[in-house]
Student: 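Attaching a single structure in structure tokens format; questions to follow.
First the proteins, then the strands, lettered A, B, ... as listed; each starts at 1. Computed from a predicted model, the values in this text were never measured in an experiment. Note that these values count all heavy atoms, side chains included, but never hydrogens, waters or copies made by symmetry.
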Protein chains: 2
Amino acid sequence: MDPQSAAARHVAVIAGHLNCPSPSAAAPLALAACLHYDPPELSENPPAFDLAALRRVLDGHDLEARDWLFRLMEESPLFCPRRRGDRTFVAPDYNQTKEQQRAVTMRRIEYLLRRGVFEGWVTGSGPEAELRKLAFFECIAIYDHSLSIKLGVTYFLWGGAIRFFGTKRHHDKWLKATEDYQVKGCFAMTELGHGSNVRGIETIAIYDTNTGEFVINTPCESAQKYWIGGAANHATHTIIFSQLLINGTNQGIHAFVAQIRDADGNVCPNVRIADCGHKIGLNGVDNGRIWFDNLRVPRENLLNSVADVLPDGQYVSSIKDKDKRFAAFMAPLTFGRVNIAATAVYISKVALAITVRYALTRRAFSISANGPEVLLLDYPSHQWRILPLIAKTCAMSSAANYLKRLYVKRTPETNKSIHIYSSSLKATLTWHNMRALQECRKACGGQGLKTENRIGILNGEYDVQSTFEGDNNVLMQQVSKALLAEYLAAEKMKSPFNGLGLEHMNDPCPIIPANLTSCTIRSIKFQLDLLCLRERDLLGRYASEVSQYQAQGESKQKAVLLSHQLADELARAFTERTILQTFADDEVMQSAGPLKELLGLLRSMYALICVEEDASFLRYGYLSLESAAAVRKEVMKLCGDLRPHALSVVSSFGIPDAFLSPIAFDWIQANSWASLSNE
Amino acid sequence: MDPQSAAARHVAVIAGHLNCPSPSAAAPLALAACLHYDPPELSENPPAFDLAALRRVLDGHDLEARDWLFRLMEESPLFCPRRRGDRTFVAPDYNQTKEQQRAVTMRRIEYLLRRGVFEGWVTGSGPEAELRKLAFFECIAIYDHSLSIKLGVTYFLWGGAIRFFGTKRHHDKWLKATEDYQVKGCFAMTELGHGSNVRGIETIAIYDTNTGEFVINTPCESAQKYWIGGAANHATHTIIFSQLLINGTNQGIHAFVAQIRDADGNVCPNVRIADCGHKIGLNGVDNGRIWFDNLRVPRENLLNSVADVLPDGQYVSSIKDKDKRFAAFMAPLTFGRVNIAATAVYISKVALAITVRYALTRRAFSISANGPEVLLLDYPSHQWRILPLIAKTCAMSSAANYLKRLYVKRTPETNKSIHIYSSSLKATLTWHNMRALQECRKACGGQGLKTENRIGILNGEYDVQSTFEGDNNVLMQQVSKALLAEYLAAEKMKSPFNGLGLEHMNDPCPIIPANLTSCTIRSIKFQLDLLCLRERDLLGRYASEVSQYQAQGESKQKAVLLSHQLADELARAFTERTILQTFADDEVMQSAGPLKELLGLLRSMYALICVEEDASFLRYGYLSLESAAAVRKEVMKLCGDLRPHALSVVSSFGIPDAFLSPIAFDWIQANSWASLSNE
């Protein structure tokens, strides 16, 4: 298109229209003036609180580092800056084959590497460095999930395995090379036949005393390594998870290092690799499948921090119990869950910022004859769809920050809590993210489907979150099982609950007042009492149902499976109470003022929408029908109270404009004929 | 890859493993035998009922025609047959740019055209022909949504507009040419600034008495036609929806025909066209944007079945009321909603058939030490996720068939019912479809993300369903508004309810027994009573809330907006009661025997899961807490009762194996190294 002549033609068209032979000069009243775009910053009230202060609460850490990284991405042509109207947006070009997406993802990694983004990611240590790395991951993820996952595989899964399962010889050999992206490692754990149930993998490693090597085999097709990120095209090395056979005894799963490609990128002998094919998202990641055919790796390649094989074939381990040894090998996956949970919240922020901005500039239908059309966000139903999601996102930011801090300061004593919190928050925050993306996509109508508007494509790209690094449903069942263990232990030992925020179980059962005033409903005490009441009761019910099934002759395992509904309800109750508590803690830390008031509104919205959306409050009688009606009414009032702050809150999310999308700004101009020349 | 040498190498690998120097011959007990695939047909009990008979109930019509069309698609290389293991699957290659997808979609249309699939689609008439056309659309849609939508735009939207808004001169000129796909029409209604609120579109047509032409203009950027399927690349003609100005008076929206491309595919003068860009799905459809610059079309191109402009510029219409005239123009969209609703159920069937077959062959975790791993579908939680979706899909098949029959036999008297049913079922069935796709994708774990396994990609491709041809939320609000009108009319006239299945409102309020036995809970009477009770009560509550807001001084419109929650609950209650009724009608028609028993189980599951999932039964006290607990327990029992029939039911869905996916069959073989050579 020639923009010059296009513009000229446009002028001619308008002129022609004005000079139309028919009497359009006397424009009829029923024809509205043309739509125009009002920036929400001008049409909305100015912020009632300090936006930067809210961002500090929500981001929690490393704000400057985030902004630095955002700018790095905005500056590079590799990140596909595109001009729409008078703005530039960065986003991947998803109208590409998987081969193209993979190639450009590699080039983006190389760029970030050159700019020093990954410095200290493998060799560094300490809480500060780890938090900064997590912040960087969140920022990279809002550009493209493939980029983040491709990095995560090498830096966290491979790098983490070398670091945590390996010892000095492995560290010396591979850590620095990994940080410099000279060694591109992958992580071959999952097999075609075994995903969630890692313990059942079928790959076999046998020690050959004669040569001092392990011989690794894929004994059958179901044992092929599957979904291995990086394997299809780029990985040079891999961690192989395998059963380890020593003198005919299976010592369980161990991790070995093997090179799978030579310096020229050719697949090594005794290794076969195939592509996992096209996926609904993450096509920038080259997921592959691997078969091992008598692959020999030196004895020293066993990652031996918890167990080793001596040259003569003797097996030694500091952890005698196989289950505990297995658990030790799973520990690095925790980082993944922490990262996924934090990222999920950040992605929700992108979708909500776009959706709110659009809803403050898009109108539909008028509610009086010839009246102006109504802004989407002024519809009570639209507020009800979107504002609770904003409150949840803010509350979950606090929870993610709590989890990150707990993780980076981990000690052997906190391992259990971290495991439970990371499982419950990984599941809950990713479910929230998927729901927010889906609701936002629909709230933006057809525009939500356009790739350039980001929301819809993020939905496909992030769908994987709910099943990878632990299927969400399985994780939540594990959370309830862990809570049941706490319950049974406390009962058996007659000892008080300690940890996981369960101390409230030691107190008398909270009493929920019968006549709820608005003031009561909005108090932290009422909200926490109500959520604690639910958790306490569900834990008791769950324990009782499991023991009833056992009394009927079912095994413990089977009894737990049969009680899946209460397990789901309990895990949700535990997680929502945890989130509310972390959010309330952040609120309490603020000094009195408009920000604290806003946090109070958001906290109330979070707590009450949890009540509104979970039928268990009615099902088990935690609330009377009258009280439930009062809660619903209060949510509606909160919608009205939060509506004036919607723009301010999403502006505090800290997502740069360039990472939002055209519908978040002047979408009429961005779609204009004139702007075509910039595309 | 050389398959021969690959196979040879594989043999060598296994031999090598057997001859391994380490003493693996004495295989340790803890190492399970390799996984192998058991076809569910062999591992499950044989069907307890006649599969073909259930298919006749669910498909409702045109079974042979469907099979014929399925075979046509399977036969053509254009439909990308791909060998996986010893089976062939057909599915589009989604690892293609939008340009490639558009090109191949056109070639598929040309193939189906040559094979006579579209015969009578525009020129034919009568209920039989219409039902057959709807059946064909469902079949085409399970291959590819783009193919179905691209056809729908030309054959239904354009073709329907010519047929219903046009008169003989339009029919003679365009109907046959459309059926032969010589004329490729599109349907330019939506604009950048107006989607749901069509009435607000800004395109202007003015009649020029001097030349006997309409002059059509896009007066501003927000008036550009947007999302116009077919416009970007292929359409030769379009219907233009425009405000019609006659002597300075806006006569409201009218439809005009214009040619937009010449025989060589060049865009006509006074028309500008741009691409809508990449989308999260439907990339085989060339959605475009159109601007009109003093485009002149002859007076005869006004589609004049309800209104006309005489040569001297005089405006004449058989419908004086502008609102009714507008409604007349919207009527052809009803076909779209009927089609979308029916298609949504069919897509759910694809996902459920794949998911059930996979869940009957995929195992994970064992529940006893060294015991075999458990089939996914033997987990109570997995049954709870999947089996209710199967029951809903079956029940919704009956509802879709009811709607289709009502539509093809439409009379002026049934128009209102069709409008309400098509709105409520379009929304409800597409929501169900999205939920089924999402649940199935997760129930298949990572495999659900692989494009070749269909479920995940169908999710992206069908996401559009919930907002196009009427945003689901808006449609459901309209349903409740229509029910409110019925209620107010009955109240005012003191006349009984008549139509829409609301006759139960004339009876005394049903009494729900206090002590529910399993037998009561599974009875049609109890289930219908309970769903009618909810509908009746919610209708009363809604009317009362709206009138309370009015009493407080709100306008009727505003009062309705404020009552959005009750409106949502009511529309859901109306729709679910309707679905239950149509499904029960199909069941009652069967003679006693195993099929009727199965239908009874499915109907109970449908009714009870509706109760379980809608908190309004508790919120408004339709059920006591004890009764709600009894219902939940019964759903759990029904899971056990339906589990043995799961394979049989999905086998009755009538989806050919080639339209399912590798994980529905021997997925170990399909993923084997040897099968790579076939890909």
Student: Could you tell me which portion of B:Gln669 (side chain, backbone, both or neither) has an atom closer than 4.5 angstrom to a non-hydrogen atom of chain A?
Tutor: neither
Student: With respect to chain B, which residue among A:Lys556, A:Gln477, A:Arg199, A:Lys98 yields the maximal number of heavy-atom pairs within a distance under 4.5 Å?
Tutor: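 Option with the top pair count is A:Lys98.
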Student: Heavy-atom pairs under 4.5 Å with chain B: which of A:Gly277, A:Ala628, A:Ser196 has the most?
Tutor: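 Ranked by contacts with chain B, first place is A:Ser196.
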Student: Are the side chains of A:Asn459 and B:Asp463 in touch, meaning some heavy atoms are under 4.5 Å apart?
Tutor: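 Yes, close enough: below the 4.5 Å cut-off.
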Student: Who among A:Phe365, A:Tyr37, A:Phe617, A:Trp227 has the most heavy-atom pairs with chain B under 4.5 Å?
Tutor: A:Phe365
Student: In Å, rounded to the nearest 0.5 Å, how long is the span from CG of B:Leu618 to OH of A:Tyr620?
Tutor: 10.0 Å
Student: Quick one: closest heavy-atom pair of A:Ala274 and B:Trp673, and the distance?
Tutor: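 Minimum heavy-atom contact is CB-CZ3, 4.4 Å.
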Student: Less than 4.5 Å to any heavy atom of chain A: does that hold for the side chain of B:His278, its backbone, both, or neither?
Tutor: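 Contact with chain A involves both backbone and side-chain atoms of B:His278.
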Student: What residue, out of A:Arg385, A:Gln100, A:His36, A:Gln96, has the most heavy-atom pairs lying under 4.5 Å from chain B?
Tutor: A:Arg385
Student: I need the A:Ser222 OG to B:Arg363 CZ distance, nearest 0.5 Å.
Tutor: 12.5 Å
Student: Chain A: which of B:Gln565, B:Lys558, B:Arg362 shares the most heavy-atom pairs with it under 4.5 Å?
Tutor: B:Gln565
Student: Nearest 0.5 Å, what's the CG-OH distance between A:Leu562 and B:Tyr379?
Tutor: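 Output value for this atom pair is 12.0 Å.
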Student: What's the separation between atom SG in B:Cys276 and atom CG in A:Leu449, rounded to the nearest 0.5 Å?
Tutor: 11.0 Å
Student: Using a 4.5 angstrom heavy-atom cutoff, name the option from B:Glu373, B:Glu613, B:Met434 with the most pairs to chain A.
Tutor: B:Glu373
Student: What residue, out of A:Asp471, A:Val560, A:Val464, A:Val474, has the most heavy-atom pairs lying under 4.5 Å from chain B?
Tutor: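 Most heavy-atom pairs within the cutoff with chain B belong to A:Val464.
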Student: From A:Asn283 CG over to B:Asn95 CG, what is the distance, rounded to the nearest 0.5 angstrom?
Tutor: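 Separation between the atoms: 6.5 Å.
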Student: Measure B:His194 against the heavy atoms of chain A and call it side chain, backbone, both or neither at under 4.5 Å.
Tutor: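 Contact with chain A is through both the backbone and side chain of B:His194.
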Student: Quick one: which of A:Asn270, A:Asn453, A:Asn197, A:Thr97 has the most heavy-atom pairs under 4.5 Å with chain B, could you say?
Tutor: A:Asn197
Student: Roughly how far, to the nearest 0.5 Å, is CH2 of B:Trp384 from NE2 of A:His564?
Tutor: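 These two atoms lie 6.5 Å from each other.
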Student: Look at B:Gln557, B:Arg632, B:Gln224, B:Lys279 and state which one has the largest set of heavy-atom pairs under 4.5 Å with chain A.
Tutor: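 Winner by heavy-atom pair count: B:Arg632.
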Student: Can you tell which of B:Arg441, B:Lys442, B:Gln447 makes a side chain to side chain donor-acceptor pair (under 3.5 Å) with A:Thr467?
Tutor: B:Arg441
Student: Select one option (side chain, backbone, both, neither) describing which atoms of B:Gln438 are under 4.5 Å from chain A's heavy atoms.
Tutor: side chain
Student: Apply the test side chain to side chain contact (heavy atoms under 4.5 Å, CB included) to residues B:Trp667 and A:Glu221: give CA-CA distance (whole Å), side-chain angles for both, the deciding distance (0.1 Å), then the verdict.
Tutor: CA-CA 10 Å; B:Trp667 44 270; A:Glu221 287 295 351; over 6 Å; no
Student: Out of B:Ile457, B:Leu561, B:Leu623, which one racks up the most heavy-atom pairs below 4.5 Å with chain A?
Tutor: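 Counting heavy-atom pairs under 4.5 Å, the top option is B:Leu561.
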Student: Ignoring hydrogens, what is the shortest heavy-atom contact between B:Tyr226 and A:Asn671? Give both atom names and the distance.
Tutor: OH-OD1, 2.7 Å
Student: Is the shortest heavy-atom distance from the side chain of A:Ile280 to the side chain of B:Tyr94 under 4.5 Å?
Tutor: no
Student: Side chain, backbone, both or neither: which part of B:Asp93 has a non-hydrogen atom closer than 4.5 Å to chain A?
Tutor: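 The answer is neither part of B:Asp93.
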Student: Can you tell which part of B:Met636 gets under 4.5 Å to a heavy atom of chain A, answering side chain, backbone, both or neither?
Tutor: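 For B:Met636, side-chain heavy atoms alone lie under 4.5 Å from chain A.
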Student: Compare all side-chain heavy atoms of A:Ser555 with those of B:Ser368 and state whether any distance is below 4.5 angstrom.
Tutor: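 Side chain of A:Ser555 against side chain of B:Ser368, heavy atoms only: no contact under 4.5 Å found.
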Student: Given heavy-atom pairs under 4.5 angstrom as the criterion, report whether the side chain, backbone, both or neither of A:Asp614 touches chain B.
Tutor: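 Neither the backbone nor the side chain of A:Asp614 comes within 4.5 Å of chain B.
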Student: Are B:Arg619 and A:Glu612 ion-paired here, with the side-chain N under 4.0 Å from a carboxylate O?
Tutor: yes
Student: Please lay out, stage by stage, how B:Leu676 and A:Arg289 fare under the test side chain to side chain contact (heavy atoms under 4.5 Å, CB included).
Tutor: CA-CA 12 Å; B:Leu676 276 173; A:Arg289 312 188 263 146; 3.5 Å; yes
Student: Tell me, out of B:Gly446, B:Ala364, B:Ala615, who's got the most heavy-atom pairs with chain A below 4.5 Å.
Tutor: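 Greatest number of close heavy-atom pairs with chain A: B:Gly446.
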